[in-house]
Engineer: 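Structure provided below as C-alpha cells; questions to follow.
Each ligand, and each atom within it, is numbered from 1 in the order the structure gives.
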Amino acid sequence: MALTKLYDNHGRHINYVRLAVTDRCNLRCFYCMPEEGIKYVPKDALLSYEEMLRLMHLLAGMGIEKVRITGGEPFVRRDMLYFLKELCAINGIRKVNITTNGTLTEALVPELKAMGIHSVNLSLDALDKGRFFEITRRDAYDQVMGTYRALLEHGISTKINAVVMENKNIEDLIPMAMLTKDDPVGVRFIEEMPFNGEGSHYETLAWNHRQILKHLQAHFPDMEKIPDPPHSTSYNYQIPGHQGTVGIIAAYSRTFCGTCNRIRLTPKGMLKTCLYDDGVFNVRDIMRAGATDEQLKATFLDALGNRAKDGWEAERSRQFGLPVQESMSTIGG
Ligand code: SAM
Ligand code: SF4
C-alpha cells in the first residue's frame with residue numbers, strides 16, 4: 001500500500017485536501033468577487049455529495065488525514081450538515097475543518113461541535129461595522145460576530161482570517177490583534193492575492209507580510225515569535241499575557257511553498273496541486289466517465305508526479321494565461 005501514498009515529485013508528502021463545496025456565496029467581499037457576482041457553476045456541474053464522499057474515502061486510503069471544507073460559502077449549500085457528518089465518519093480522516101464567512105453558521109455551532117468538527121476559520125476583515133459593510137458589500141456583521149462568540153462558547157478551535165488591504169481595513173489590524181487578549185483565538189492577517197474575479201492586482205503589494213509585521217510590532221513591541229506548527233502557512237506570534245496568537249500569512253509572497261502538504265478540489269471537480277495553477281485534471285469528468293477507484297488513484301499519483309516546485313512556477317505555467325481571472329470563491333482559498 002505504501003506505493004499509493006501521495007508524494008509529489010519534490011518529495012513532499014500530501015496529507016491535506018481543501019475541498020470547495022460550492023462557488024456560491026451570500027457576501028461579495030471585494031477582494032474575492034465583483035459586486036455583480038460571478039457566473040456560478042450550474043448545480044449539476046458541481047461535484048455531488050456522493051462524488052465528494054467517494055473521493056474522500058479514496059484519498060483517505062492514500063494517506064489524506066485532514067480536510068478543509070470551503071467555498072464559496074459552504075453553508076449556502078443545501079444539506080451541508082448531512083455531508084459534514086458523513087465526512088467526519090470516514091476512517092482515516094482525523095480532522096475536518098471549515099472555513100466560513102459566519103453569516104449562516106451561528107445556529108449550527110452546537111451540531112458542528114457534536115459531530116466533531118476540529119476547527120473553524122472565520123473570515124472577518126474588520127471589527128468596525130461600517131468597514132465590514134464596505135468590504136463585504138452586505139450587512140451581516142452581527143451574524144458573523146454571533147458565530148464568533150458561539151464558536152468560542154462551544155470550545156471549537158477558532159481562527160480569524162483577515163485579508164489586509166490598503167485604504168480598507170488598516171485601522172482594524174490592531175483592534176483585531178487585541179481580540180487575542182481575552183479570547184483563545186488565532187487572528188491571522190493574510191496578504192491580498194489576485195483572485196478577485198476581475199483580473200486586476202497591484203504591481204507591488206503595499207501590505208506584504210513584512211509591512212504587516214512592522215505595523216504590528218510598532219504597536220506591540222513585546223510581541224514574541226512563537227514556533228510555527230509543521231506545514232504552517234502562517235508566521236506566528238504572541239503578545240505577552242494574551243490568550244490567543246497572531247499569525248501572518250504571506251499568501252501572495254508565497255514563502256511557504258517548500259513544505260506544502262495540500263491539494264485542492266474546486267466545486268466543479270478540478271484538482272489543483274497549487275493555489276496558483278489553473279487546474280491539473282477534472283476528477284468529476286473522469287468519475288462520470290466511469291473510472292474505477294484504481295484508475296482514479298493512478299490519476300492522482302500521476303498529477304502529483306508533475307507538480308510545480310512553488311506558486312511562482314505554477315503561476316508561470318498557467319495554460320489560461322495571466323493575469324489570473326478567477327474569483328477565490330471558485331477555488332476555496
Ligand atoms: N466563504 C468562506 C469564507 O469567506 O470564509 C470560504 C471561502 S473564502 C474564498 C476562503 C478564504 O479565502 C477566506 O478567508 C477569504 O478571506 C480568503 N480570500 C478570498 N479572496 C482572497 C484574496 N483575493 N486574497 C486573500 N485571501 C482571499
Ligand atoms: Fe464569499 Fe468568502 Fe469570497 Fe467573501 S471571501 S465573497 S464570503 S467566498
Side-chain angles (χ1 to χ4, degrees), residues 18-38 40-41 67-77 80 84 97-105 108 117 119-126 131-141 143-144 147-148 151 158-166 168-169 172 176 185-202 205-209 212 233-234 247-254 256 262 264-267 272 275-276 311 315 323-333:
R18 296 179 64 100
L19 180 59
V21 293
T22 181
D23 59 345
R24 289 172 164 72
C25 189
N26 55 345
L27 298 186
R28 290 287 177 277
C29 305
F30 92 98
Y31 51 75
C32 177
M33 270 201 211
E35 185 148 23
E36 65 280 13
I38 55 165
Y40 290 138
V41 175
V67 181
R68 174 167 301 282
I69 298 304
T70 174
E73 174 48 37
F75 293 106
V76 302
R77 185 153 176 181
M80 181 47 52
L84 289 172
N97 302 326
I98 302 172
T99 299
T100 173
N101 65 27
T103 54
L104 306 169
T105 321
L108 310 176
I117 293 298
S119 74
V120 171
N121 288 1
L122 183 65
S123 299
L124 175 65
D125 307 302
R131 283 195 289 272
F132 175 95
F133 180 80
E134 269 178 38
I135 292 167
T136 63
R137 304 182 177 117
R138 296 290 184 272
D139 181 13
Y141 178 83
Q143 291 90 309
V144 179
T147 295
Y148 176 60
L151 288 167
T158 302
K159 293 187 186 124
I160 288 181
N161 286 347
V163 180
V164 179
M165 299 158 284
E166 177 82 326
K168 295 280 181 193
N169 64 348
D172 292 280
M176 293 190 82
V185 63
V187 175
R188 289 135 34 106
F189 298 109
I190 307 176
E191 288 180 352
E192 187 179 349
M193 291 180 269
F195 300 98
N196 56 21
E198 313 233 31
S200 60
H201 202 247
Y202 324 94
L205 191 65
W207 287 88
N208 65 21
H209 62 107
I212 299 170
T233 53
S234 53
I248 301 175
I249 303 186
Y252 181 74
S253 305
R254 287 162 252 190
F256 43 67
R262 64 200 60 191
R264 292 172 166 79
L265 282 165
T266 73
K272 283 167 74 78
L275 173 58
Y276 284 87
E315 191 175 359
V324 166
Q325 297 291 331
E326 302 101 291
S327 156
M328 193 66 99
S329 72
T330 66
I331 302 172

Engineer: Salt bridge or not between Asp172 and Arg131? Use side-chain N to carboxylate O under 4.0 Å.
Structural biologist: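 Yes.
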Engineer: Counting neighbours of CD on Glu36 that are heavy atoms of other residues, nucleotides or ligands and sit closer than 6.0 Å, is the number greater than 12?
Structural biologist: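 For Glu36, atom CD is crowded (more than 12 foreign heavy atoms under 6.0 Å).
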Engineer: Side-chain contact, heavy-atom cut-off 4.5 Å: Met328 with Leu275?
Structural biologist: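 Yes; the side chains approach each other to less than 4.5 Å.
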Engineer: Within the 4.0 Å heavy-atom shell around Glu192, which atoms of ligand 1 are there?
Structural biologist: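 Per the distance check, 24 (N).
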Engineer: Answer with side chain, backbone, both or neither: which part of Leu122 has a heavy atom less than 4.0 angstrom from an atom of ligand 1?
Structural biologist: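 For Leu122, there is no contact with ligand 1 at all, from either part.
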Engineer: Quick check on contacts: which atoms of ligand 1 are under 4.0 angstrom from a heavy atom of Glu191?
Structural biologist: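 Reading through ligand 1 atom by atom, the close ones are 25 (C).
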Engineer: For Tyr202 and Glu166, does a side-chain donor sit closer than 3.5 Å to a side-chain acceptor?
Structural biologist: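 Glu166 and Tyr202 do not have a side-chain donor-acceptor pair below 3.5 Å.
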Engineer: Are the side chains of Met193 and Val324 in touch, meaning some heavy atoms are under 4.5 Å apart?
Structural biologist: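 SC-SC contact between Met193 and Val324 ruled out.
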Engineer: State if Gly72 counts as touching ligand 2 under the rule of any non-hydrogen atom under 4.0 Å.
Structural biologist: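 Yes; Gly72 lies near enough to ligand 2 that a heavy-atom distance drops under 4.0 Å.
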Engineer: I'd like to check which ligand 1 atoms, numbered from 1 as shown, lie under 4.0 Å from a non-hydrogen atom of Thr70.
Structural biologist: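 By the 4.0 Å cutoff, the relevant atoms are 6 (C), 7 (C), 10 (C).
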Engineer: Distance to 0.1 Å, residue and atom name: give those for the protein heavy atom nearest to atom 23 (N) of ligand 1.
Structural biologist: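 Residue, atom and distance for the closest contact: Tyr31 O, 2.8 Å.
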Engineer: Using a 4.0 Å heavy-atom threshold (strictly under), name the region of Cys25 that reaches ligand 2: side chain, backbone, both or neither.
Structural biologist: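 Only the side chain of Cys25 comes within reach of ligand 2.
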Engineer: Using a 4.0 Å cutoff against the non-hydrogen atoms of Ser329, which atoms of ligand 2 qualify?
Structural biologist: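 Those qualifying, in numeric order: 8 (S).
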Engineer: Which atoms from ligand 1 have a heavy atom of Glu73 less than 4.0 Å away?
Structural biologist: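 Result: 1 (N), 2 (C).
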Engineer: Suppose we measure from atom 1 (N) of ligand 1 to each protein heavy atom; which comes out shortest, and what is that distance?
Structural biologist: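 Answer, as residue, atom name and distance: Gly72 O, 3.0 Å.
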Engineer: Taking the side chain as C-beta and beyond, is there a heavy-atom pair between Lys168 and Tyr31 under 4.5 Å?
Structural biologist: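 Lys168 does not reach Tyr31 side chain to side chain.
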Engineer: Indicate yes or no: at least one non-hydrogen side-chain atom of Thr330 is less than 4.5 angstrom from one of Thr266.
Structural biologist: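 A side-chain contact is absent here, since even the closest heavy-atom pair is not under 4.5 Å.
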Engineer: For Ala251 and ligand 1, answer yes if some heavy atom of the residue is under 4.0 Å from a ligand atom, otherwise no.
Structural biologist: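 Checking ligand 1 against Ala251, which is what was asked, there is no heavy-atom contact under 4.0 Å.
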Engineer: Can you tell me which residue and heavy atom of the protein come closest to atom 24 (N) of ligand 1, and the distance to 0.1 Å?
Structural biologist: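 Here the closest protein heavy atom is Met193 N, 2.8 Å.
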Engineer: Got Arg68 and Thr99 here, is their nearest side-chain heavy-atom distance under 4.5 Å?
Structural biologist: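 Yes, their side chains come closer than 4.5 Å.
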Engineer: For Arg28 and Arg137, indicate whether the former's side chain and the latter's backbone hold a donor-acceptor pair under 3.5 Å.
Structural biologist: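 Judged by distance alone, no pair lies under 3.5 Å.
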Engineer: Only one of Asn101, Val76, Thr136 forms a side chain to side chain contact (heavy atoms under 4.5 Å, CB included) with Cys25, so which one is it?
Structural biologist: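 Single pass found, and it is Asn101.
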Engineer: Looking only at protein heavy atoms, which one is nearest to atom 4 (O) of ligand 1, and how far off is it?
Structural biologist: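 Protein heavy atom at minimum distance: Ser123 OG, 3.2 Å.
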Engineer: Between Tyr148 and Leu124, is any pair of side-chain heavy atoms under 4.5 Å apart?
Structural biologist: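 No - every pair of side-chain heavy atoms lies 4.5 Å or more apart.
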Engineer: Quick one: look up the protein heavy atom nearest atom 3 (Fe) of ligand 2 and list residue, atom name and how far away it is.
Structural biologist: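 Going by distance alone, atom 3 (Fe) of ligand 2 is nearest to Cys32 SG, 2.4 Å.
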Engineer: Check ligand 1 against Gly332 and write out every atom of the ligand that is under 4.0 Å from a heavy-atom position of the residue.
Structural biologist: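 Answer, ordered by atom number: 10 (C).
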Engineer: Taking the six-membered ring for Trp, are Phe132 and Tyr141 parallel (under 30°), tilted (30 to 60°) or perpendicular (over 60°)?
Structural biologist: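 Answer is perpendicular, since the angle exceeds 60°.
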Engineer: Using a 4.0 Å cutoff against the non-hydrogen atoms of Leu27, which atoms of ligand 2 qualify?
Structural biologist: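 So the answer, numbered in order with elements, is 6 (S), 7 (S).
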Engineer: Report, in ascending order of atom number, the atoms of ligand 1 lying under 4.0 Å from any heavy atom of Asn161.
Structural biologist: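 Numbered from 1, ligand 1 contributes 14 (O).
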Engineer: Distance below 4.0 Å between atom 10 (C) of ligand 1 and any protein heavy atom?
Structural biologist: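 Under 4.0 Å from atom 10 (C) of ligand 1, at least one protein heavy atom found.
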Engineer: Which ligand 2 atoms does Asn101 reach within 4.0 Å, using its non-hydrogen atoms?
Structural biologist: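 Those qualifying, in numeric order: 7 (S).
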Engineer: If hydrogens are left out, which of Thr99, Val163, Leu275 has an atom nearest to atom 26 (N) of ligand 1, that is, the closest non-hydrogen atom?
Structural biologist: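 Checking each option, the heavy atom nearest atom 26 (N) of ligand 1 is found in Val163.
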Engineer: Contact between Asn97 and Ile69 at the side-chain level, heavy atoms closer than 4.5 Å - yes or no?
Structural biologist: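 In short, these two side chains do not touch, never coming nearer than 4.5 Å.
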Engineer: So which protein heavy atom does atom 8 (S) of ligand 1 come closest to, and at what separation?
Structural biologist: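 Going by distance alone, atom 8 (S) of ligand 1 is nearest to Gly71 O, 4.2 Å.
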Engineer: Report yes or no: does a heavy atom of Asn196 sit under 4.0 Å from some atom of ligand 1?
Structural biologist: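 No, Asn196 has no heavy atom closer than 4.0 Å to ligand 1.
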Engineer: Quick check on side-chain hydrogen bond (donor to acceptor under 3.5 Å, both in side chains): which of Asn26, Thr22, Thr100 does Glu73 satisfy it with?
Structural biologist: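 That would be Thr100.
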Engineer: Counting each atom of ligand 2 from 1 as listed, which ones have a heavy atom of Cys29 under 4.0 Å away?
Structural biologist: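 Within the 4.0 Å cut-off of Cys29, ligand 2 contributes 4 (Fe), 5 (S), 6 (S), 7 (S).
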